[in-house]
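Inspection log for the structure reproduced underneath, given as structure tokens.
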Amino acid sequence: MANWKNLDQLQAFEELKAAKKVNIREAMTGESGADRVRSFSVPIAEGLDFNYAARPVDADLLAVLAKLAEEAELSEKYKELYEGAVINTGEKRLVLHQLCRGQLGKDVIADGVNKREFYVKQQERIAEFAKKVHAGEITNAAGEKFTTVVQIGIGGSDLGPRAIYIALENWARRYGKLKMEAKFISNVDPDDASAVLASVDVAHTLFVLVSKSGTTLETLTNESFVTDALKKAGLSQSNHMIAVTSETSPLAKNENYLAAFFMDDYIGGRYSSSSAVGGAVLSLAFGPEVFADFLDGAAAADRAALETDPLKNAAMLDALIGVYERTFLGYDATAVLPYSQALSRFPAHLQQLDMESNGKSVNRFGEPVDYVTGPIIFGEPGTNGQHSFYQLLHQGKTIVPLQFVGFKNSQIGNDVIIEGSTSQQKLCANVAAQIVAFACGKDDENRNKNFDGGRPSSIIIGETLDPKSLGALLAHFENKVMFQGFVWNVNSFDQEGVQLGKLLAKRVLAHETDGALAVYSELLNI
């Protein structure tokens with residue numbers, strides 16, 4: 001079994017503290033920079049490549065990071081995870097989201113069930129259901145086809161599936177794969193549900209209620225909001241709503257739902273897009289074949305993460321460099337900057353994935369750690385971000401590592417040429433320019449126009465954003481976060497930080513408050 005030690009108990013920790021810092025500006029200038037861009041690249045899967053030329057590493061630092069990977073037993077811990085060890089120590093659970101998209105090792109038997117067979121069965125049930133909906137075999141009470149699907153869920157039941165739907169919607173329109181338009185209700189703010197309901201024809205809408213426990217307050221509140229709207233339209237919830245939940249929840253085998261599809265406690269919410277949580281809405285929206293391609297892409301990236309040489313393992317290398325930037329260089333935040341409008345919600349999903357996983361101050365055994373862990377994650381698509389917060393990134397006092405994502409080709413395929421170049425070429429020109437501008441800067445006697453440079457970045461480059469490349473992209477970041485949690489020795493698979501606020505909110509609603517909580521309740525007219 002792997003040994004779980006805090007980062008500062010490893011010999012590589014002291015070596016990284018003493019390591020000579022890389023001057024990114026010097027490294028990226030002239031022919032040396034060109035050579036780095038050509039050589040500092042590792043394939044991920046499905047045509048994606050991770051280029052880290054502008055990150056603050058050189059051969060010497062990479063050697064120490066490789067030593068860190070070996071000392072921290074990253075490959076061994078990944079193997080234990082996908083073969084069914086209790087990696088989520090806080091909740092004493094297995095961590096099996098990779099198993100939703102493929103078998104990486106031996107069979108995983110939990111609760112007397114072959115878990116791979118369980119996940120495949122749910123995917124097959126969803127596929128059969130989606131095909132019947134698309135064929136008009138499952139209809140509303142009037143015998144009319146459903147045209148829209150609306151997911152009701154929050155957190156991991158919303159962010160991942162929503163980001164994936166938005167990422168593939170335009171692609172699906174182009175290739176005739178858009179079976180049903182999808183919308184999402186997440187916020188308990190009634191304006192959210194009201195706006196979505198006002199934009200759909202509820203008589204031809206199928207709702208997907210997602211709650212693993214079947215007790216999520218915001219989700220059940222929004223269910224009631226939707227149920228009320230259905231009643232006012234003379235419609236029945238049992239004809240218009242399905243559930244995605246656990247087999248033991250009150251939503252399972254409940255006559256109020258047209259059907260129920262299952263997940264289990266071994267799939268964390270923010271890692272659940274590969275499960276029925278993403279499978280139901282995405283299969284209904286695009287067809288089960290598209291969702292299967294998405295899973296294949298994720299599985300390919302999972303297999304690539306098996307590589308034991310960290311310098312050939314993109315997810316592991318990305319994780320190690322990120323740990324160096326966060327813990328040893330003291331960079332507090334990381335910006336995720338996709339130069340693809342289709343990935344407009346991807347940074348929001350990664351924000352939850354990373355910050356909910358590794359935003360910890362105790363190790364996996366509940367003991368305080370003496371080093372900083374997960375970074376603050378934020379981001380927007382380029383080029384919009386260039387006209388928003390890039391000013392601080394270029395010339396502010398805070399250095400923020402940047403993770404760009406770019407594609408050589410657009411999803412639409414029929415771009416226009418304006419002033420000698422297509423829109424996609426202009427987009428790609430901007431991301432190339434930004435990487436070099438951040439790294440190399442520009443000297444100017446006018447200090448307002450001076451750029452110090454030395455701002456680290458990496459870029460994931462792909463051919464086109466499609467289901468398989470999107471699956472690989474998602475899995476890359478999931479595996480990066482996993483490896484970083486292993487290095488920091490934190491439990492990346494629980495999220496106790498979200499619980500306290502929920503408990504206090506229940507007290508407010510029950511009018512069991514005192515002190516500041518009581519006064520805030522009065523101010524907000526609760």
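In what follows, residues are counted from 1 in the order of the sequence shown.
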Inset, instruction - Among Lys212, Met263, His97, find the one that has a side-chain contact (heavy atoms from CB on, under 4.5 Å) with Ser272. - result: Met263
Inset, instruction - Flag the pair Asp415 and Lys426 as a salt bridge only when some basic side-chain nitrogen lies within less than 4.0 angstrom of an acidic carboxylate oxygen. - result: no
Legend entry - 4.5 Å side-chain heavy-atom contact, Val481 and Tyr271: yes
Legend entry - Phe486/Tyr78 aromatic ring centres below 6.0 Å: no
Legend entry - Any Thr422 side-chain heavy atom under 4.5 Å of Val416 side chain: no
Legend entry - Pair Phe389-Leu337, side-chain contact (heavy atoms from CB on, under 4.5 Å): steps then yes or no: CA-CA 11 Å; Phe389 52 82; Leu337 307 171; 3.8 Å; yes
Inset, instruction - Answer yes or no: does atom CD of Gln425 have more than 12 heavy-atom neighbours from other residues, nucleotides or ligands under 6.0 Å? - result: yes
Inset, instruction - Find out whether Leu65 and Val323 are in side-chain contact, i.e. whether some heavy atom of one side chain is under 4.5 Å from a heavy atom of the other. - result: no
Legend entry - Non-hydrogen atoms of Val336 and Pro347 that approach each other most closely: O-CG, 3.8 Å
Legend entry - Residues Val202, His240; criterion side-chain contact (heavy atoms from CB on, under 4.5 Å); working and verdict: CA-CA 9 Å; Val202 292; His240 284 264; over 6 Å; no
Inset, instruction - Verify, without hydrogens or angle tests, whether His134 (side chain) and Leu284 (backbone) share a donor-acceptor contact under 3.5 angstrom. - result: yes
Legend entry - Ion pair Arg270/Glu356, N-O distance below 4.0 Å: yes
Inset, instruction - Check step by step if side-chain contact (heavy atoms from CB on, under 4.5 Å) holds for Lys131 and Lys179. - result: CA-CA 10 Å; Lys131 288 177 181 177; Lys179 309 291 186 181; over 6 Å; no
Inset, instruction - Might you point out which heavy atoms bring Ala298 and Arg101 nearest each other, and give the distance in Å? - result: CB-CD, 3.4 Å
Inset, instruction - For atom NZ of Lys442, decide whether the heavy atoms of other residues, nucleotides or ligands shown that lie under 6.0 angstrom number more than 12. - result: yes
Inset, instruction - Report yes or no: do Gln341 and Asn170 form a side-chain donor-acceptor pair below 3.5 Å? - result: no
Inset, instruction - Would you check if the side chain of Asn51 reaches a backbone N or O of Val37 as a donor-acceptor pair within less than 3.5 Å? - result: yes
Legend entry - Main-chain N/O of Leu99 paired to Arg116 side chain as donor or acceptor, under 3.5 Å: yes
Inset, instruction - Please report the shortest heavy-atom distance between Leu465 and Ala167, naming the atom on each side. - result: CD2-O, 3.9 Å
Inset, instruction - Report yes or no: does Glu181 contribute a side-chain atom to a donor-acceptor pair with the main-chain N or O of Thr148 at less than 3.5 Å? - result: no
Legend entry - Nearest heavy atoms of Leu48 and Gly462, plus distance in Å: CD2-CA, 3.6 Å
Inset, instruction - Measure the CD1-CG distance between Ile321 and Leu329 for me, rounded to the nearest 0.5 Å. - result: 11.0 Å
Legend entry - side-chain contact (heavy atoms from CB on, under 4.5 Å) assessment of Leu473 paired with Leu343: CA-CA 11 Å; Leu473 185 67; Leu343 293 175; 3.9 Å; yes
Legend entry - Polar side-chain atom of Asn479 near backbone of Met316 as donor-acceptor pair, under 3.5 Å: no
Inset, instruction - Please report the C-alpha distance between Asp466 and Arg174 in whole Å, then the side-chain angles of each, then the deciding distance to 0.1 Å, and finally whether the salt bridge (Lys or Arg N to Asp or Glu O under 4.0 Å) criterion is met. - result: CA-CA 11 Å; Asp466 60 20; Arg174 179 190 176 191; over 6 Å; no
Inset, instruction - State the OG1-CD distance between Thr464 and Gln424, to the nearest 0.5 angstrom. - result: 8.5 Å
Legend entry - Any side-chain heavy-atom pair of Thr398 and Asp332 under 4.5 Å: no
Legend entry - Shortest non-hydrogen contact from Asp354 toward Pro375: OD1-CD, 3.7 Å
Legend entry - CD-CZ distance between Gln122 and Phe118, expressed to the nearest 0.5 angstrom: 4.5 Å
Legend entry - Straight-line distance of Arg326 CZ to Trp488 CH2, nearest 0.5 Å: 7.0 Å
Legend entry - Under 3.5 Å donor-acceptor, Asn313 side chain and Thr308 backbone: no
Inset, instruction - Answer yes or no: is there a side-chain heavy-atom contact under 4.5 Å between Val42 and Tyr52? - result: yes
Inset, instruction - Could you tell me whether the side chains of Tyr119 and Ser274 share a donor-acceptor contact shorter than 3.5 Å? - result: no
Inset, instruction - Would you confirm whether His394, through its side chain, and Tyr390, through its main-chain N or O, come within 3.5 Å as a donor-acceptor pair? - result: no
Legend entry - Interatomic distance, Asp158 atom CG to Tyr165 atom OH [nearest 0.5 angstrom]: 13.5 Å
Legend entry - With Met482, the side-chain contact (heavy atoms from CB on, under 4.5 Å) member among Ile87, Leu74, Asn358, Leu81: Leu81
Legend entry - Flag side-chain contact, heavy atom, 4.5 Å: Lys177 against Pro467: no
Legend entry - Any donor-acceptor pair under 3.5 Å from Thr205 side chain to Val149 backbone: no
Legend entry - Residues Lys132 and Glu128 bridged, charged N to O under 4.0 Å: yes
Legend entry - Ion pair Glu169/Arg345, N-O distance below 4.0 Å: no
Inset, instruction - Keeping to residues at least two apart or across chains, list the side chain to side chain donor-acceptor pair (under 3.5 Å) pairs with something in residues 276-293. - result: none
Inset, instruction - Check for a donor-acceptor pair, side chain of Ser32 on one end and backbone N or O of Thr29 on the other, with a separation under 3.5 Å. - result: yes
Legend entry - Heavy-atom side-chain proximity of Phe207 to Ile242 below 4.5 angstrom: no
Inset, instruction - Measure the shortest side-chain to side-chain distance between Ser157 and Thr219 over non-hydrogen atoms and say whether it is less than 4.5 angstrom. - result: no
Legend entry - Check: Asp452 main-chain N/O paired with Arg25 side-chain donor or acceptor under 3.5 Å: yes
Legend entry - Rounded distance (nearest 0.5 Å) linking atom NZ of Lys468 with atom CZ of Phe294: 13.5 Å
Inset, instruction - Kindly give the heavy-atom pair with the smallest separation between Asn187 and Asp192, and that separation in Å. - result: N-OD2, 2.8 Å
Legend entry - Lys79 NZ: over 12 foreign heavy atoms closer than 6.0 Å: no
